[in-house]
> 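Structure in structure tokens, see below.
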2 protein chains.
Amino acid sequence: MTMVSVDKGGSRSDRTKAAILTAARARFAAHGYERTTIRGVAEDARIDPSMVMRYYGNKAQLFDAALAIDLRMPDLSNVSADDLPRTLVRHFLTRWEGDPADDALLVLTRSAVTNEHAAARMHDVFATQVAPALAAAVGPEVAARSAGLVSAQLLGLALTRYLLRLPAVTALTPDQIERSLAPAIAATLKPT
Amino acid sequence: MTMVSVDKGGSRSDRTKAAILTAARARFAAHGYERTTIRGVAEDARIDPSMVMRYYGNKAQLFDAALAIDLRMPDLSNVSADDLPRTLVRHFLTRWEGDPADDALLVLTRSAVTNEHAAARMHDVFATQVAPALAAAVGPEVAARSAGLVSAQLLGLALTRYLLRLPAVTALTPDQIERSLAPAIAATLKPT
DNA sequence: GTCTATAATTCGATAGAC
DNA sequence: GTCTATCGAATTATAGAC
């Protein structure tokens with residue numbers, strides 16, 4: 001798990017910093033902001049808790065650093081309107097099925113539900129990454145009208161399948177989800 | 001705020017218990033399980049923190065009591081398949097627009113994202129209240145196949161509009177949501 | 001650059017006076 | 001039935017030795 005990212009060229013402190021960040025991201029994803037402790041992060045990173053303070057100042061700043069993440073949204077500008085829903089559902093399913101415990105968007109979502117700061121970050125991510133990616137595919141007008149509810153549907157999947165693990169949703173195969181959710185997203189993209 | 005609900009007939013202790021429960025529900029809804037403190041609940045209820053312990057034993061049991069709630073799902077057995085999606089969306093929109101900060105399902109969702117116990121409760125609520133109500137309308141087979149994703153879409157709305165308050169979703173009117181989300185739910189109910 | 005020791009808070013929970 | 005006082009545990013954060 002948790003590819004530590006980066007950097008054979010890094011100094012020892014760089015590697016320590018990266019290890020802390022990886023551990024923090026995993027803990028924030030698994031338990032949310034309140035329940036992750038600096039001690040726990042330090043333990044996962046195999047270093048002393050005081051190192052976390054040294055490099056990141058305090059828990060809030062560590063959280064910020066852990067959330068400074070690129071969602072790696074796919075380029076949707078060459079996807080036809082017909083293919084868009086399926087492409088979207090597939091993209092997120094692939095991401096989340098792979099390593100749900102470490103996905104940036106799931107980390108953010110879990111914490112944003114009970115943490116104002118994380119919620120503000122979520123707003124940023126949506127405005128600067130999700131909405132533009134959608135607008136590239138369907139145009140600014142349709143995106144302005146439907147990006148919110150399309151996101152609601154995708155985050156609804158994230159919520160029920162990966163955060164709450166509702167049996168009725170975890171029981172479905174990725175294929176079943178794709179066949180059922182893609183037409184739904186297509187419906188909200190259609191003009192009313 | 002926080003109408004203390006109830007009960008002229010109640011003894012003084014009954015009124016105190018009810019006041020505690022109301023305050024607890026509001027706090028759990030606003031901040032989730034971890035961040036609500038017994039001290040805070042007691043302050044809202046205008047009583048001493050030790051009263052909370054006296055009546056509810058501990059924080060976990062207080063949480064349980066706060067979540068022992070009937071979702072008041074509507075009777076869907078006489079709703080036609082065509083009307084079902086719109087009926088569902090309307091039902092939940094009406095509930096949530098009224099008093100989002102005190103709605104049982106939102107309380108539960110906010111806490112369930114970071115609390116195992118609340119998540120287990122959520123599974124219960126889904127299995128005993130949501131799924132049967134759906135099955136009454138569309139039959140057990142369709143319900144078994146689609147109840148999970150229908151719930152995902154409704155909870156996605158709850159998540160983005162009331163918990164995260166994403167501007168792209170809060171900007172929509174209830175009518176716009178109904179017109180856009182009802183066809184989406186209809187699409188996931190259709191056989192693939 | 002890493003660790004020990006500890007200060008300062010916060011909170012859940014208990015004991016007991018009135 | 002309500003409140004005062006306080007314990008014990010957990011946690012963030014700091015100071016400083018090595």
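Each chain gets a letter, A, B and so on, in the order its sequence line appears, and its residues count up from 1.
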> What integer distance in Å separates A:Ile20:CD1 from C:dT2:P?
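From A:Ile20 CD1 to C:dT2 P: 9 Å.
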> Check salt bridge (Lys or Arg N to Asp or Glu O under 4.0 Å) between B:Arg145 and all other residues, then give those that pass, not counting sequence neighbours.
none
> Checking B:Pro140 now: which residues fulfil side chain to side chain contact (heavy atoms under 4.5 Å, CB included) with it, not counting sequence neighbours?
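For B:Pro140 there are no side chain to side chain contact (heavy atoms under 4.5 Å, CB included) partners, ignoring immediate neighbours.
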> Please report the distance, rounded to the nearest Å, between CD in A:Gln61 and C1' in D:dA13.
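Atom CD in A:Gln61 sits about 13 Å away from atom C1' in D:dA13.
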> Can you name the residues that form a side chain to side chain contact (heavy atoms under 4.5 Å, CB included) with A:Ser180, not counting sequence neighbours?
B:Leu149, B:Thr188
> The criterion is side chain to side chain contact (heavy atoms under 4.5 Å, CB included); which residues satisfy it with B:Ala42, sequence neighbours excluded?
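For B:Ala42 the side chain to side chain contact (heavy atoms under 4.5 Å, CB included) partners, ignoring immediate neighbours, are B:Ile47, B:Pro49, B:Val52.
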> Would you say B:Leu105 and B:Arg95 make side-chain contact, with heavy atoms under 4.5 Å?
yes
> Quick one: salt bridge (charged side-chain N to carboxylate O under 4.0 Å, His left out) pairs with a partner in residues 148-163 of chain A, sequence neighbours left out?
A:Glu97-A:Arg161
> Not counting sequence neighbours, list each pair that qualifies as a side chain to side chain donor-acceptor pair (under 3.5 Å) and has a residue in residues 54-79 of chain A.
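Of all non-adjacent pairs touching residues 54-79 of chain A, those that pass side chain to side chain donor-acceptor pair (under 3.5 Å) are A:Asp64-A:His117, A:Asp75-A:Ser77.
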> According to salt bridge (charged side-chain N to carboxylate O under 4.0 Å, His left out), does anything in residues 77-90 of chain B pair up with another residue at least two apart or in another chain? List the pairs.
B:Asp83-B:Arg86, B:Arg90-B:Glu178
> At a heavy-atom distance below 4.0 Å, what parts of residues 52-60 of chain A sit against DNA chain C?
A:Arg54, A:Tyr55
> Round to a whole Å and report the spacing from CD of A:Glu43 to C1' of D:dA10.
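Rounding to the nearest Å, CD of A:Glu43 and C1' of D:dA10 are 14 Å apart.
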> Let me check something: any side-chain donor-acceptor pairs from residues 120-139 of chain B under 3.5 Å, sequence neighbours excluded? List them with distances.
residue	atom	partner	partner atom	Å
B:His123	NE2	A:Leu164	O	2.8
B:His123	NE2	A:Arg165	O	3.3
B:Thr128	OG1	B:Asp124	O	2.9
B:Gln129	OE1	B:Leu71	N	2.8

> Among residues 27-37 of chain A, which contact DNA chain C at a heavy-atom distance under 4.0 Å?
none
> For residues 23-30 of chain B, which side-chain donor-acceptor pairs fall under 3.5 Å, sequence neighbours excluded?
residue	atom	partner	partner atom	Å
B:Arg25	NE	B:Ala66	O	3.1
B:Arg27	NE	B:Asp44	OD2	2.9
B:Arg27	NH2	B:Asp44	OD1	3.3

> Taking only N/O atoms, report every protein-nucleotides 3-7 of chain C pair under 3.5 Å with atom names and distance.
residue	atom	partner	partner atom	Å
C:dC3	OP2	A:Asp48	N	3.1
C:dC3	N4	A:Ser50	OG	3.3

